[in-house]
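In this text the structure is predicted, and so the values were computed from the model without any measurement. Atoms within a ligand are numbered from 1 in the order they appear, just like the ligands themselves.
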Amino acid sequence: MRTAGAIVGDTLRMLRSMAGEGVSLKELDRAAEAYIRGKGGRPTFKGYNGFPASLCLSLNNEVVHGIPNQRRLKKGDILSIDCGVTLDGWVGDAAITVAVEPISDEVRTLVRVTTHSLMAGIAAAKVGARLGDIGAAIEGTVRPHRYGIVREFCGHGVGRLLHEDPQVPNFGSAGSGPRIQSGWCLALEPMVNLGGDAVHTLADGWTVVTNDGRPSAHCEHSIAITDSGVEILTLCSDGTHP
Ligand code: MG
Ligand code: MG
């Protein structure tokens with residue numbers, strides 16, 4: 001999982017540097033697939049429940065599960081890039097939200113707080129803590145900013161499969177839920193809206209958008225929790241965040 005995860009991190013790093021004005025979402029998807037296959041991996045999302053691409057690319061008011069298409073990035077956009085890699089039967093899953101500068105201060109803060117909430121969730125993930133502690137840490141980081149937190153989609157176990165038990169909500173009460181066991185691997189992925197919580201899925205059956213049309217940010221890491229602490233599995237191969 002560490003090796004699969006490093007390919008995810010390196011893919012996201014490459015995509016962050018590519019994601020400038022004028023680049024199409026399809027070009028990002030093609031580059032990701034070529035990179036992943038070049039490393040001996042397989043893009044986990046491609047064909048997953050019929051998903052047609054290697055990346056989920058969700059622009060501005062899109063929250064998650066956007067399908068790469070011919071749209072081109074323009075100044076002021078934010079884009080959630082979600083990437084899964086399967087290597088030797090093990091899965092890594094992570095996401096970043098990138099900005100096409102210049103973006104508004106309001107949206108910049110949204111992206112920063114979303115990233116902070118992910119790190120707060122990771123810090124709460126300890127053997128013997130409760131699953132609700134993770135959601136409470138994420139929610140506690142987000143709520144003071146009066147942002148919306150998506151409730152219909154959440155983090156998840158990850159390992160042999162992209163989505164395993166348990167579900168990991170991005171909200172909750174500290175001290176509630178099952179105890180976290182040594183050896184659990186989880187993908188934590190806060191989805192945070194500049195407006196309200198509510199989202200819906202478009203007629204394409206995939207793309208999730210905010211009901212109020214306001215921007216949404218999303219970031220994700222796969223982590224392993226053991227008695228020696230928490231390890232982020234989807235860092236780049238040089239150990240830095242993508
Ligand atoms: Mg993901
Ligand atoms: Mg995920």
S.K.: Looking at Glu220, which of its N, O or S atoms is the nearest one to the Mg ion (ligand 1)?
M.R.: OE1
S.K.: Determine, for Arg160 against Glu164, whether the closest basic-nitrogen to carboxylate-oxygen distance falls under 4.0 angstrom.
M.R.: no
S.K.: Please report, to 10°, the angle around the Mg ion (ligand 2) from atom OD2 (Asp93) across to atom NE2 (His156).
M.R.: 90°
S.K.: Do any of the N, O or S atoms of Asp82 sit under 2.8 Å from the Mg ion (ligand 2)?
M.R.: no
S.K.: Salt-bridge test for Glu33 and Lys46: reply yes if a basic N is under 4.0 Å from a carboxylate O, no otherwise.
M.R.: yes
S.K.: Please confirm if an N, O or S atom belonging to Glu189, backbone or side chain, lies less than 2.8 Å from the Mg ion (ligand 1).
M.R.: no
S.K.: Is any side-chain heavy atom of Asn193 closer than 4.5 Å to a side-chain heavy atom of Ile149?
M.R.: no
S.K.: What do you reckon, is CZ of Arg13 surrounded by more than 12 foreign heavy atoms closer than 6.0 Å?
M.R.: yes
